[in-house]
Each structure stands twice: as structure tokens, then as C-alpha cells.
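What you see is a predicted model, and the numbers here were worked out from it, not measured in a lab. Every chain is numbered from 1 and lettered A, B, ... according to where its sequence line falls, protein lines coming before strand lines.
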2 protein chains.
Amino acid sequence: MTSVFIVDDHPIVVEGLKSVIEKLDGLHISGVAYNAVDTINLLKTVATDVLLLDINLPDISGIDLCKKVRNQFPHIRILGISTFSERSYISRMIAHGAMGYLIKSASAEEISAAVTTIMQGKLYMSLDLEHLLRPSPVIQSGILPNLTKREKEVLQHISEGLTNVQIAEKLFVSPSTIDTHRKNMITKLEVSNTAALIRFAIEHGLIN
Amino acid sequence: MTSVFIVDDHPIVVEGLKSVIEKLDGLHISGVAYNAVDTINLLKTVATDVLLLDINLPDISGIDLCKKVRNQFPHIRILGISTFSERSYISRMIAHGAMGYLIKSASAEEISAAVTTIMQGKLYMSLDLEHLLRPSPVIQSGILPNLTKREKEVLQHISEGLTNVQIAEKLFVSPSTIDTHRKNMITKLEVSNTAALIRFAIEHGLIN
DNA sequence: TAAATTCTCCCCCAAAAAGGGGATTTTTGC
DNA sequence: GCAAAAATCCCCTTTTTGGGGGAGAATTTA
């Protein structure tokens, strides 16, 4: 018997998941919560195998709660749930310890499969094909201006901690040039400084 | 019949995958390549459903090739392969269009399951439980000095592009304090500046 | 070939970060 | 309760970055 704990700020969603899961063999509900604080407190009192965790919570982001739960309850396997299937979310959920991802429109069979899969120690991902066949929601939405080859090269060196002068020496150009590239990237990507630039770049795969 | 194309710079690995896949029902090899350039050229000539793509290629990173293939051949589903199961890799592969992840030590059954799964439009992930149950392979290796709660808080704000002064205002302390935290983190983590700090932090899961 | 883009370099100046140092108060762990 | 760790704050100087601007050479692309 696998015990499942549900976290979602929408009571209707919680009820729906609850009724679906309770009808499934081998699964039972150990508890539910509507926010992060209640989740942490309740998890201390009830034994739970799987945490169904909504990504969009009111008081704290799903990612943060994900980390908290993993730190305090390392045995609990986390299955992220959300209404939409965004690549960036999924990758971040995985990076922060989730064992799987489920869209809210998933069928009872899918939920069952998801729980079974992650209890076997594997990742489970639920996504529709149409979303996946697009290159990336972020990249192809037109928001991301593309950096030039040289800019990416400079960016790479910046992320390694080199200063403009050091990069200039490596690329045999003037420090002013590197400075211009850096500034252009900051403007292009609409970030406030180098720190934010590096973060943006990594999160969008601009850096190796 | 699903056609599989293999990309890996190790011929032994390619041979191994080849022989395993050819024994499986419903799968056949449409081609193999040992580098990125050959991959792009060959994919133009042969019909391929699934691309088995090694993450660590000599001339170009698997991530980059992943993006290239998805742009030029959007119908091809990419299954990343690697010798080790690193969370950061997996999340980045997914963010860049891979439909799944397979460790090289995977059994024939797993390979078959992986191809079948992604042909159904779902993500497939192959990972051992022991790796997943650890917070992060890097963090628990002892190499990483742990940041304090406050330092992480400051780090988070730095990554959002805030300056010392702005962070100080948010946390109701003096800018000097934030400056000290920043310097301490740079020293602790042995990086040269804030850019490198942010990169390090993201790659080690210190930032949300 | 003409137009657009990219790459290159420079100016100014203000702001921020880095690299030293030291020092006090709070919290935390034993 | 005491020691260790964390958090707070300040001094100094130099280096680096950021925000403007302009502008010519090289390379792509239409």
C-alpha cells in the first residue's frame, strides 16, 4: 500500500485527485494540504511515500517546497503536478529533486502509472506530444533574442569568472570590445547586470 | 518499425547499442555517427524516428546538437544517453528538447521501453534510485562547503540581478553586510567573481 | 551589389564589486 | 554556560562593471 499526500491550493483539484486515487488499488491518501506550511507540519505526523505537489502554490513556489521536503523528508518521492506542461518547470522540478511530473488532466491510469513508476525508483513524466514537439516554449515564443556566435563565446568566458581584460587577451581583441559584447548581451536579454545575465544564460542553455 | 539513429564518439558503445537494438522487435538502425557534423549530414539522407544521442561529444556538446537536430528535424525524437546520471544534465537535455534519458548501462529491455515510450509521445527517464535519493551528487561529495542560510538568501538576490545596496534594503541590513556575505561566498566556493559564483551556484543547486 | 548584421574600438563618467583589513553582537551547538 | 559559528558593520584602495554615446571595418544575407 502506497500512501499519497496531496498538496494543491485548489480544493477542487485536491478533491478530484483524492477521489481518483482512492479508487485505485494499492494507493491511499495519507493527507492533504493547501499550502507549504501545512504541508511541512502534516508530513511530520503522517507516513507518506509519495507527495503530489502542485507547482503553483500561493505562499511559496513549488520548487522551494520541493527542496524543503527533500531536505526534511528524503524518503518521500515527489511527483510534480501542474495544469500546463512547461519544459522549464519540468527541468527545474527535476533539478530540485522531483521524481516525476504529471499534468492535472491526467487520467486515473496515468496517475496510477506515475505513482507506481516513481515507487520503482524511476522518473515519470506526463506530457502531451504537441507540447513536446515544439522546440521550447521559451525559445520559440520570440522572447529570447539570439546571441551571436561571438557573444556566446564571450558569455562562456564571463561565466568562467574571467574579467573583460582576461577575455580580451584570450580572444586577441581589445577589452573595449568585450565590454561592448557584455553590455549588448545585458541589453538584449533585458537583465540588470552580469550576475543576472549568467543566471539567465544557464537557465536558457546558452552556456555549456 | 521504428528507425533508430545512434550518435556516440565511442565506437564500442555504438556497436554495443547497435547489436542490442537490432535484436529487438520493431526497432532497426537507420544509421550511426561519431560526431555532430556527420550526424546532421546523415540525418538528411536517412529517415529516422529516434536519435540516441550521447551527451559528451568531442566537437560539440550534446545539448547544442540536441538543439540543432530539433530545429532542422523537428519530427525526430531525441533520447539522451550518458554513462552517468547527473540531474543537471537531464534537466538541461529536457529543456533543450530531448524526450528522454538513458544511462549506457541500460538493459535491452530498458532501451526497448525507452524507445517505445518516447514514440508514444511521453518522456522516458532511466535512473537508478540510489542516485535520485541523494539530494545531489555534487553536494554530498564533501567538496562543497556549505553556505549559511543568510548567504543563500543573499545569493538568491544576487542571482536576480540586485546590487548590494538593493539587497541590503530588502533585508533591512547595511550594504556592508551584503558585501561581506558576497565576498565570503566567493572565498568559500573558490570562485573569482560574482559571475562565476552564480554559475557555480546554479550548477550546484544553490539557487532556485 | 546593396543592406543588414556583426565585430571591432573608442570616449566619458558613475556605480558597483573585489581584496585587504578589523571588530562587535547574536545565535547556535555542545 | 561557554565556545564556535554566524551575522552584523566599518575602514581603506583598486579594479571592474554599467550606462550613455559614437563609429568604422568585416562579414552575411537578401
So, is [X] close to the [N] phosphate, meaning a side-chain N or O under 4.0 Å from OP1 or OP2?
X        : N      : result
B/Thr148 : D/dA7  : yes
B/Asn193 : D/dT16 : no
A/His181 : C/dC7  : no
A/Ser192 : D/dG18 : no
A/Thr177 : C/dC7  : no

Practice problem: Side chain of A/Ile186 only, please: which of D/dG18, D/dT8, C/dT6 is the nearest? | Solution: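 Of all the options, the side chain of A/Ile186 is nearest to D/dG18.
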Quiz item: Which nucleotide sits closest to the side chain of B/Thr194: D/dT16, D/dT8, C/dA18?
Solution: C/dA18
Rounded distance in Å - [atom1] ([X]) to [atom2] ([N]):
X        : N      : atom1 : atom2 : answer
A/Asn164 : C/dC7  : CG    : P     : 16 Å
B/Leu162 : C/dA16 : CG    : C1'   : 13 Å
A/Arg182 : C/dC9  : CZ    : C1'   : 17 Å
A/Asn184 : D/dA23 : CG    : C1'   : 14 Å
A/Ile178 : C/dC7  : CD1   : P     : 11 Å
B/Leu189 : C/dA18 : CG    : P     : 13 Å
B/Leu171 : D/dA7  : CG    : C1'   : 12 Å
B/Glu190 : C/dA18 : CD    : P     : 16 Å

Quiz item: Can any side-chain N or O of B/Asn193 pair as donor or acceptor with the backbone N or O of A/Gly161 at less than 3.5 Å?
Solution: yes
Quiz item: Between B/Asp38 and B/Ala33, is there a donor-acceptor pair closer than 3.5 Å when you use the side chain of the first and the backbone of the second?
Solution: no
Exercise. Pick base, sugar-phosphate or nothing for B/Ser174, based on heavy-atom distances below 4.0 Å to the nucleic acid.
Key: sugar-phosphate
Quiz item: Toward the 5' end of DNA chain D, which comes first, B/Lys149 or B/Ser176, by nearest nucleotide?
Solution: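 Looking at the nearest nucleotide for each, B/Lys149 comes out on the 5' side.
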Self-check item: Gap separating the NE2 atom of B/His28 from the CD atom of B/Glu22, nearest 0.5 angstrom
Solution: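 One gets 10.0 Å once the value is rounded to the nearest 0.5 Å.
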Quiz item: Does B/Glu151 come within less than 4.0 Å of B/Arg182, counting only side-chain N to carboxylate O?
Solution: no
Quiz prompt | N/O donor-acceptor pair, side chain B/Thr180 with base D/dC9, under 3.5 angstrom | solution =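 Such a pair exists between side chain and base.
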Quiz prompt | Side-chain-base donor-acceptor pair under 3.5 Å for B/Lys183 and C/dG20 | solution =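 It does, because a donor-acceptor pair links the side chain of B/Lys183 to the base of C/dG20 below 3.5 Å.
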Practice problem: Check each of B/Leu79, B/Thr116, B/Ile21 against B/Ile111 using the side-chain contact (heavy atoms from CB on, under 4.5 Å) test, and report the only one that passes. | Solution: B/Ile21
